[in-house]
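Only one structure is covered here, and it is reproduced in the block below.
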Amino acid sequence: MDSIIYQKAYKFSLRIIKAYRYLIEEKKEFILSKQLLRSATSIGANIAEASGAISKADFRHKMSIAYKESLETQYWLSLLKDSEVIDVKSYQSINQDAVEISKILCLIVKNTKAKNNKQDTS
């Protein structure tokens, strides 16, 4: 898959996997880190599913799920920072990637919806 958003989500997932390993091995944090792993890797999985969508509505739905998972990922990252499991510098670095992915996904969902609305009224 060659889309920019897929590549960004894939690289982000790899980064989260490394963070997860660190959190369970070094910090002995198992609950929040597992939630972070699940939501963050789900972003890319839903983007991959969207590439095989059978309709525009299906595509939009999968991308919407990816967007929501990106927001959930930001939530878990904030909890990890605010509970002092990860430091502010680490949080800012990884959350910046999460925010960028969220913005791109939000635009994709909005643009897909707008295109469908234009086609419905044409």
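All of these numbers come straight from a predicted model, not from anything done at the bench. Keep in mind that the numbers below use all heavy atoms, side chains included, and drop hydrogens, waters and symmetry copies.
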Do the side chain of Ser42 and the main chain of Ser39 share a donor and acceptor less than 3.5 angstrom apart? no
Report yes if some heavy atom in the side chain of Glu72 is under 4.5 Å from a heavy atom in the side chain of Gln35; otherwise report no. yes
Determine, stepwise, if the pair Ile47 / Met63 fulfils side chain to side chain contact (heavy atoms under 4.5 Å, CB included). CA-CA 6 Å; Ile47 293 168; Met63 291 304 244; 4.0 Å; yes
Provide the closest heavy-atom pair for Leu32 versus Ser83 in the form atom of the first, atom of the second, distance. CD1-OG, 4.3 Å
Looking only at heavy atoms, the pair that brings Phe59 and Ala50 closest together is CD1-O, 3.3 Å
Donor + acceptor pair across side chains of Asp87, Ser90 (<3.5 Å): yes
With a 4.5 Å cut-off on side-chain heavy atoms, are Leu37 and Leu23 touching? no
So, taking the atom named NE2 in His61 and the one named OG1 in Thr112, what distance separates them when rounded to the nearest 0.5 Å? 13.5 Å
Output yes when a side-chain donor or acceptor of Glu25 lies under 3.5 Å from a complementary backbone atom of Lys27, and no otherwise. no
Tell me every residue that passes side-chain contact (heavy atoms from CB on, under 4.5 Å) with Val99, counting only those two or more places apart in sequence or in another chain. Gln74, Asn95, Lys103
Mind listing the closest non-hydrogen atom pair of Asn46 and Glu69 along with its distance? ND2-CG, 4.4 Å
More than 12 foreign heavy atoms under 6.0 Å from CZ of Phe30: is that the case here? yes
Please report the closest heavy-atom contact between Tyr6 and Ala48, naming both atoms and the distance. CE1-CB, 4.0 Å
Among residues at least two apart in sequence or on other chains, which ones pass side-chain contact (heavy atoms from CB on, under 4.5 Å) with Ala45? none
To the nearest 0.5 Å, what is the distance between CH2 (Trp76) and CG (Leu71)? 13.5 Å
Are Leu77 and Val88 connected in the hydrophobic side-chain network, where two residues link if heavy atoms are under 4.5 Å apart? no
Below 4.5 Å, heavy atoms only, C-beta onward: do Tyr20 and Lys34 meet side chain to side chain? yes
Would you call Leu36 and Leu79 a side-chain contact if the rule is heavy atoms closer than 4.5 Å? no
May I have the step-by-step check of side chain to side chain contact (heavy atoms under 4.5 Å, CB included) for Tyr67 and Ile108, ending in yes or no? CA-CA 9 Å; Tyr67 171 66; Ile108 290 169; over 6 Å; no
Considering only heavy atoms from C-beta outward, does the side chain of Leu80 approach that of Glu29 to under 4.5 Å? yes
With a 4.5 Å heavy-atom cut-off, do Ile43 and Leu105 have their side chains touching? yes
If hydrophobic clusters are built from ILVMFWY residues whose side chains come within less than 4.5 Å, do Ile5 and Leu107 share one? no
Give a yes-or-no answer on whether the side chains of Ser33 and Arg38 include a donor-acceptor pair shorter than 3.5 Å. no
Any sub-3.5 Å donor-acceptor pair from Ser93's side-chain atoms to Lys89's backbone N or O? no
Distance check, rounded to the nearest 0.5 Å: Ile101 atom CD1 versus Thr73 atom OG1? 8.5 Å
If you look only at distance, which donor and acceptor atoms sit under 3.5 Å apart when one is on a side chain in residues 7-14 and the other is two or more places apart or in another chain?
| residue | atom | partner | partner atom | Å |
| --- | --- | --- | --- | --- |
| Gln7 | NE2 | Met1 | O | 2.7 |
| Lys8 | NZ | Glu100 | OE2 | 3.0 |
| Ser13 | OG | Ala9 | O | 3.1 |

With a 4.5 Å cut-off on side-chain heavy-atom distances among I, L, V, M, F, W and Y, is there a chain of contacts connecting Ile65 to Ile16? no
If you round to the nearest 0.5 Å, how far is CD1 of Ile104 from OG of Ser3? 9.5 Å
Closest heavy-atom contact between Val109 and Ser64? CG1-OG, 3.5 Å
